[in-house]
**Student:** 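What follows is a structure written as structure tokens; I'll ask about it next.
Letters A, B, ... mirror the listed sequences (proteins, then strands); counts begin at 1. Keep in mind that the numbers below use all heavy atoms, side chains included, and drop hydrogens, waters and symmetry copies.
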Protein chains: 2
Amino acid sequence: MGIAERRERERQEAQGRILDAARELFVAHGYEAVSMRQIAERAEYSPAALYFHFEDKKALFRALCEQDFRALAQRFQGVAGIADPLQRLAEIGRAYADFALRHPNHYRLMFMAPKPMGASESLLERNNPDEDAYAFLLRAVKDAWSAGCFRPELNDPELIAQTLWASIHGVVSLHIVKREEDEWIDWRSPAEAVELMTAATLRGLARGRR
Amino acid sequence: MGIAERRERERQEAQGRILDAARELFVAHGYEAVSMRQIAERAEYSPAALYFHFEDKKALFRALCEQDFRALAQRFQGVAGIADPLQRLAEIGRAYADFALRHPNHYRLMFMAPKPMGASESLLERNNPDEDAYAFLLRAVKDAWSAGCFRPELNDPELIAQTLWASIHGVVSLHIVKREEDEWIDWRSPAEAVELMTAATLRGLARGRR
DNA sequence: ACCTAAACTGAACGTTGTTCAGTAACCGGA
DNA sequence: TCCGGTTACTGAACAACGTTCAGTTTAGGT
């Protein structure tokens with residue numbers, strides 16, 4: 001009786017078409033600028049059909065975000081093998097910034113969006129470093145902490161992880177927002193800023209003579 | 001002939017009523033959630049009247065932002081007198097974070113808003129530290145740089161200033177976005193994060209043994 | 001052959017930003 | 001004093017938005 005499976009497969013194919021259409025438009029123009037009607041037209045459905053597969057625009061957006069979070073976590077797997085904890089942290093920062101600057105609209109939806117992540121019941125496994133990027137960072141920090149890499153008065157790995165995250169997030173989010181038409185400030189390249197930021201924070205947090 | 005002055009005064013009073021109404025609503029609910037009709041009703045005008053005084057919703061928003069930028073620059077005046085350049089930088093960071101966390105919706109409009117700052121022809125004086133908060137920060141960085149506070153390989157005050165700005169922006173913007181319903185991560189208080197961030201970056205950038 | 005449920009459509013509702021023709025009030029010149 | 005024109009404003013409308021709902025088609029189980 002493979003007919004239930006076929007129905008389920010067709011259902012997911014339809015959802016996939018909608019998600020693909022939505023992704024292209026969101027990434028190109030951002031959340032607010034894309035309408036459900038545009039998504040529907042590109043996916044070759046009527047606007048109302050989207051509401052059969054997704055509760056509303058926010059839910060559709062949230063489904064895309066989950067894919068993105070998974071992609072980021074997967075990106076981190078590339079640096080999981082680095083033995084030296086501090087060097088691994090530096091590479092995590094670089095990978096994160098690279099992801100953010102390569103997909104600025106994704107990033108905006110993931111970490112700079114005002115609301116629509118609200119009431120999220122994600123099906124990502126939390127605390128699993130393979131799927132949860134924050135858990136991956138936290139583990140690297142804990143490794144470094146256990147190895148005595150940090151200054152002795154720093155005894156809260158969670159705070160350290162959040163600070164490191166915030167440092168790179170600050171660089172990339174500022175660049176994403178201000179990148180367009182802001183001759184007000186003579187911006188340095190994000191790559192330079194990321195390098196200086198990781199060097200500064202890690203040196204500032206690390207124990208020992210420089 | 002004081003009649004032209006009176007007309008001008010009435011014009012500004014009307015604009016002030018609109019700006020006040022818009023400010024309250026924007027600060028309470030954010031840019032997207034507030035409609036021109038709501039602003040008009042609170043200001044006791046017809047919706048169309050707003051378009052006589054402001055070109056569109058973005059322009060109205062921009063006018064508010066300019067007030068906010070001025071307020072931030074004024075806030076910085078409170079720490080202008082600190083002699084030690086590094087300590088002054090630390091206090092600038094604290095003042096900035098305090099401003100951001102006290103007025104999160106203002107901050108969102110100023111530094112996390114997707115677009116509507118576009119094509120801005122602000123009438124703020126650039127490069128004047130009394131009105132331009134970035135110029136104020138940059139001057140403090142240059143003071144510290146001239147005094148030889150930074151590591152010898154750091155020879156770009158602009159890059160240093162942008163990095164310091166990004167570090168605090170990262171902490172506060174992440175907290176503003178994630179503050180609401182995100183039990184996913186066990187967030188530390190923003191005050192703790194700001195303290196650790198300023199300590200880490202300044203120590204990481206500063207010359208000399210710790 | 002009938003019935004139920006799934007997948008989808010067309011048309012509508014209320015709200016959004018914005019425009020436009022029209023109007024009332026005021027002031028300077030005749 | 002009346003006239004003409006600018007200034008400030010309104011009411012109604014437009015297109016587009018997210019969303020809903022009453023139907024219609026299609027397919028499978030009985």
**Student:** Under the side chain to side chain donor-acceptor pair (under 3.5 Å) rule, what pairs show up with a residue in residues 136-146 of chain A, not counting sequence neighbours?
**Tutor:** A/Arg88-A/Asp143

**Student:** Roughly, in whole Å, what's the span from CG in A/Leu25 to P in D/dC17?
**Tutor:** 12 Å

**Student:** Can you measure B/Tyr45 atom OH to D/dG11 atom P for me and round it to whole angstrom units?
**Tutor:** 14 Å

**Student:** Please report, rounded to the nearest Å, how far the P atom of D/dC17 is from the NZ atom of A/Lys58.
**Tutor:** 18 Å

**Student:** Using whole Å, what does the distance between atom P of nucleotide C/dC8 and atom CD of A/Glu13 come to?
**Tutor:** 11 Å

**Student:** Which residue pairs pass the salt bridge (charged side-chain N to carboxylate O under 4.0 Å, His left out) test when at least one of the two sits in residues 17-31 of chain B, sequence neighbours left out?
**Tutor:** B/Arg23-B/Asp68, B/Glu24-B/Arg42

**Student:** Using whole Å, what does the distance between atom P of nucleotide C/dC26 and atom CD of B/Glu8 come to?
**Tutor:** 18 Å

**Student:** Dump the intermediate steps for salt bridge (Lys or Arg N to Asp or Glu O under 4.0 Å) on A/Glu91 and A/Arg94, then the final yes or no.
**Tutor:** CA-CA 5 Å; A/Glu91 286 301 327; A/Arg94 272 186 269 265; 3.2 Å; yes

**Student:** Taking five pairs at each end, how big is the angle between the two axes of the helix from C/dT4-D/dA27 to C/dA30-D/dT1, to 10°?
**Tutor:** 30°

**Student:** For A/Leu50 and C/dG10, what is the distance between atoms CG and P respectively, to the nearest whole Å?
**Tutor:** 14 Å

**Student:** Whole-Å distance between C/dA6 C1' and A/Gln15 CD?
**Tutor:** 13 Å

**Student:** Below 3.5 Å, can you tabulate the donor-acceptor pairs from side chains in residues 156-166 of chain B to any protein atom, sequence neighbours excluded?
**Tutor:**
unit_1: B/Asp156; atom_1: OD1; unit_2: A/Arg188; atom_2: NH2; d: 3.2
unit_1: B/Asp156; atom_1: OD1; unit_2: B/Glu158; atom_2: N; d: 3.1
unit_1: B/Asp156; atom_1: OD1; unit_2: B/Leu159; atom_2: N; d: 3.3
unit_1: B/Asp156; atom_1: OD2; unit_2: A/Arg188; atom_2: NE; d: 2.5
unit_1: B/Glu158; atom_1: OE2; unit_2: B/Tyr134; atom_2: OH; d: 3.1
unit_1: B/Gln162; atom_1: OE1; unit_2: A/Arg188; atom_2: N; d: 2.9
unit_1: B/Gln162; atom_1: NE2; unit_2: A/Asp186; atom_2: O; d: 2.9
unit_1: B/Gln162; atom_1: NE2; unit_2: B/Tyr134; atom_2: OH; d: 3.3
unit_1: B/Thr163; atom_1: OG1; unit_2: B/Leu159; atom_2: O; d: 2.8
unit_1: B/Trp165; atom_1: NE1; unit_2: B/Tyr96; atom_2: OH; d: 2.8

**Student:** Can you name the side chain to side chain contact (heavy atoms under 4.5 Å, CB included) partners of A/Ala100, sequence neighbours left out?
**Tutor:** A/Tyr107, A/Val172

**Student:** Can you name the side-chain hydrogen bond (donor to acceptor under 3.5 Å, both in side chains) partners of A/Ser173, sequence neighbours left out?
**Tutor:** B/His169

**Student:** List for me each residue that meets side chain to side chain contact (heavy atoms under 4.5 Å, CB included) alongside A/Ala80, sequence neighbours excluded, and say none if there are none.
**Tutor:** A/Gln77, A/Phe136

**Student:** Hey, what are the protein-to-nucleotides 15-17 of chain C N/O distances that come in under 3.5 Å?
**Tutor:**
unit_1: C/dT16; atom_1: OP1; unit_2: B/Ser35; atom_2: OG; d: 3.4
unit_1: C/dT16; atom_1: OP1; unit_2: B/Gln38; atom_2: NE2; d: 3.4
unit_1: C/dG17; atom_1: OP1; unit_2: B/Val34; atom_2: O; d: 3.3
unit_1: C/dG17; atom_1: OP1; unit_2: B/Met36; atom_2: N; d: 3.3
unit_1: C/dG17; atom_1: OP1; unit_2: B/Lys57; atom_2: NZ; d: 3.1
unit_1: C/dG17; atom_1: OP2; unit_2: B/Met36; atom_2: N; d: 2.8
unit_1: C/dG17; atom_1: N7; unit_2: B/Arg37; atom_2: NH1; d: 2.6
unit_1: C/dG17; atom_1: O6; unit_2: B/Arg37; atom_2: NH2; d: 2.9

**Student:** Quick one: is A/His53 getting a side-chain N or O under 4.0 Å of the C/dA6 phosphate, OP1 or OP2?
**Tutor:** no

**Student:** Could you tell me how far apart A/Ile18 (CD1) and C/dC8 (C1') are, to the nearest whole angstrom?
**Tutor:** 10 Å

**Student:** Can you list the residues that meet the side-chain hydrogen bond (donor to acceptor under 3.5 Å, both in side chains) rule with B/Gln15, with sequence neighbours excluded?
**Tutor:** none

**Student:** List the residues meeting salt bridge (charged side-chain N to carboxylate O under 4.0 Å, His left out) with B/Glu192, not counting sequence neighbours, and say none if there are none.
**Tutor:** none

**Student:** Could you list the protein-to-nucleotides 3-7 of chain D atom pairs, N/O on both sides, closer than 3.5 Å?
**Tutor:**
none

**Student:** Taking side-chain hydrogen bond (donor to acceptor under 3.5 Å, both in side chains) as the test, write out the residues that go with B/Gln12, two or more places apart.
**Tutor:** B/Glu8

**Student:** Pair B/Asn105, B/Ile176 - check side chain to side chain contact (heavy atoms under 4.5 Å, CB included), show working.
**Tutor:** CA-CA 9 Å; B/Asn105 275 311; B/Ile176 287 172; over 6 Å; no

